[in-house]
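What follows is a short report on a single structure.
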Amino acid sequence: MPAASADLPDAALRSALGEAGPLGSTVRQLAHRLRSDPARIAVALERLAGRSEIVRMGRGLWVLREFEELLGPDSGPTPDAVAEEFERVEGVPLGTYRRPITFAANHRRPIHRWWPYVQGFSAEFVRAVLESADLPAGAGVLDPFAGSGTTLVEARLLGHRALGVELLPPAVLAARVKTRFELSPRRLTDAYRRWIARARRRGPGRLPFLRETRRHFSAPTLDALIRLRDALPPPDRPEAEALRLLFGATLIPASRLHRSPCLGYRRHPVDGPDPFERIEAAVGAMTEDLAAIGPDRTRWGPPATVREGDARSAVLPKGRIDLAVTSPPYVNGMDYVMNYKLDLAWLGFATSYADLADLRRRQVACDNLPRSDPGLHGASRTDLDPWLPPILREIRRRVHRKGSYRRGDMDQVVQRYFADLVPVLENVRRSLRPRARWVVVVGDSLLAGTYVPGDLLLARLARSRGFRIVSVEVARVRRSGQRRSFALRESVVTLERADG
Ligand SMILES: C[S@@+](CC[C@H](N)C(=O)[O-])C[C@H]1O[C@@H](n2cnc3c(N)ncnc32)[C@H](O)[C@@H]1O
């Protein structure tokens, strides 16, 4: 029986956190261990944090201050020192980029708002890059990690030939639907009405395979979602795919979960509008946006090409791309498969945990990669960047010193991350016209207390593979998920295909 009403002594909380050591504990774990109420634990944690006795390490984990010091970078170069070294060696100082780069503003923008993607970049940023590139009409624009299609939408709106590659099926669906500007609002509305009428008549159906489905939703919401899912039209027409996308976009807002950016339970879940109402509003927004862009159709580029595939091996047109704009996964372990598992399961893109694991294996390395992955247990690679081996050694040393970390082979995950980027660099380089540019938004990271300059390493890897580093501009300062007091950055790296 949880002692919800009893006072929670700070000493008990400190002791429980002490037992968790540098791994830290979440509110739920502490509530379980201390047989107390999570809300009470959260209040007590805030009290200790206010006295700087504990710190939040991201991923909902709290640790005692003394463990943060153990995790923090007490040796190795600081971000400033690494940037100075980069300037000295590469002749490129870090500049400043002043426009927004994150998806936040897209939530209100026509088309982009159809499928909010936390990991997406800002349409305004992409538009500024495309406009300042001064491309001829019909120029080829590539995004090898197309995500929800921000680059492709903006490129097509500006009259360009957009090509994207993306591995995560719900994002592929989003990019395809969002670039089909020709979709008729009337056909969409008719298909929507038929869908809803079918859904209202349907009986109960089966749950998706995810174990916690009943915990994800209230019972009435779950019932409505199952009927809506089972009544979806087969995805063989543009309007049917658009409805599928809107159904997918409804899952998280209708659930007890949030994505910020990782998937977790909301602290105070409240049931908002039911899924039928949410979908009605979403269809309304989609028809409104389609009607609004209609008058500009003479300016649109040809229909965009969105390929579901792996950016490392995708076959791209050689020497025909005028500009590439992208944001790859960052070396901080973002697990896209885990974070989009509801969309994957409910939309039928995955029918088992094995499907999720398989998709994760094909993504650029994240730290949930199965330990058995063949890309992980190789020897140290010498063909990557000379800056990398000391960083990997330091990660190994720190993981060893701590005794336990989220995974003991973190250095191998980081190595595989950079190894994964190499074929993408080579692939994109071949696709670009001579002297064409590639604008990359990418961040640095702190892993096992070790600073990993992901942006500068990517720039150096690109330079060693036939690119000139035009500039590195810091666009945003962000907090490390591992140590909130450690300032990380997101940079805009501009590369140019070097040869003639
Ligand atoms: C930072 S997000 C890109 C977001 C995009 N700029 C947007 O605005 O929506 C990185 C994307 O890379 C995708 N990805 C990861 N590994 C990939 C691979 N091997 N090939 C293609 N895409 C991959 C992820 O699924 C994710 O959507």
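Below, each value reflects all heavy atoms present in this structure, side chains not excepted, and no hydrogens, waters or symmetry copies. Atoms within a ligand are numbered from 1 in the order they appear, just like the ligands themselves. These numbers were taken from a predicted model, which means no experiment stands behind them.
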With salt bridge (Lys or Arg N to Asp or Glu O under 4.0 Å) as the test, pick out the partner of Glu496 among Arg429, Arg435, Arg463.
Arg435
Which residue and heavy atom of the protein sit nearest atom 5 (C) of ligand 1, plus the separation:
Ala146 O, 3.7 Å
Are any of the side-chain heavy atoms of Thr494 and Trp438 separated by less than 4.5 Å?
no
Student check: side-chain heavy atoms of Val92 and Val470 closer than 4.5 Å
no
Minimum-distance protein heavy atom relative to atom 26 (C) of ligand 1
Tyr117 OH, 3.3 Å
Hey, is Ser148 touching ligand 1 through its side chain, its backbone, both or neither, going by heavy atoms under 4.0 Å?
both
Counting only N and O atoms by type, is there a donor-acceptor contact under 3.5 Å from the side chain of Arg476 to the main-chain atoms of Arg489?
no
Report the nearest protein non-hydrogen atom to atom 20 (N) of ligand 1: residue, atom name, distance rounded to 0.1 Å.
Ala311 N, 2.8 Å
Mind checking whether Phe145 contacts ligand 1 via backbone (N, CA, C, O), side chain (CB onward), both or neither, at a 4.0 Å heavy-atom cut-off?
both
Is Phe121 in polar range of ligand 1, meaning some N or O pair under 3.5 Å apart?
yes
Among all protein heavy atoms, pick the one closest to atom 4 (C) of ligand 1 and tell me residue, atom and distance.
Gln119 O, 3.4 Å
Could you check, using the six-membered ring where one of them is a Trp, whether Tyr340 and Tyr117 have ring centers closer than 6.0 angstrom?
yes
Can you list the atoms of ligand 1 that are under 4.0 Å from a heavy atom of Gly120?
4 (C), 7 (C), 8 (O), 9 (O)
Element-labelled atoms of ligand 1 that are located less than 4.0 Å from some non-hydrogen atom of Leu168:
25 (O)
Please state which part of Ala314 comes within less than 4.0 Å of ligand 1, counting heavy atoms only: side chain, backbone, both or neither.
neither
Distance-only, no hydrogens or angles: does the Arg259 side chain make a donor-acceptor pair with backbone N or O of Asn339 under 3.5 Å?
yes
Under 3.5 Å: N/O of Glu166 near N/O of ligand 1
yes
Return the closest protein heavy atom for atom 2 (S) of ligand 1 as residue, atom name and distance.
Tyr336 OH, 3.4 Å
Between Tyr97 and Phe125, is the gap from one ring center to the other below 6.0 Å?
yes
Can you report which non-hydrogen protein atom sits closest to atom 15 (C) of ligand 1, along with the distance?
Gln363 OE1, 3.1 Å
Nearest to atom 19 (N) of ligand 1, what protein heavy atom do you find, and at what distance?
Asp310 OD1, 2.9 Å
For the pair Thr250 (side chain) and Leu246 (backbone), establish whether a donor and an acceptor sit closer than 3.5 Å, ignoring hydrogens and angles.
yes
Tell me if a side-chain donor or acceptor on Asn427 pairs with a main-chain N or O of Ala314 at a distance below 3.5 Å.
yes
Could you list the donor-acceptor pairs under 3.5 angstrom formed by side chains in residues 134-141, with sequence neighbours left out?
none

Decide whether an N or O pair under 3.5 Å exists between Val364 and ligand 1.
yes
Taking atom types as modelled, is there a side-chain donor on Glu490 or Tyr330 under 3.5 Å from an acceptor on the other?
yes
Just checking Arg299: does its CZ atom have more than 12 heavy atoms from other residues, nucleotides or ligands closer to it than 6.0 angstrom?
no
Can you check which of Ser327, Ser313, Gly309, Ala123 brings a heavy atom nearest to atom 10 (C) of ligand 1?
Ser327
Check whether any heavy atom of Pro328 sits under 4.0 Å from an atom of ligand 1.
yes
Note the single closest protein heavy atom to atom 8 (O) of ligand 1, along with its residue, its atom name and the distance in Å.
Thr150 OG1, 2.6 Å
For Arg362, counting its heavy atoms only, list the atoms of ligand 1 lying under 4.0 Å from any of them.
19 (N)
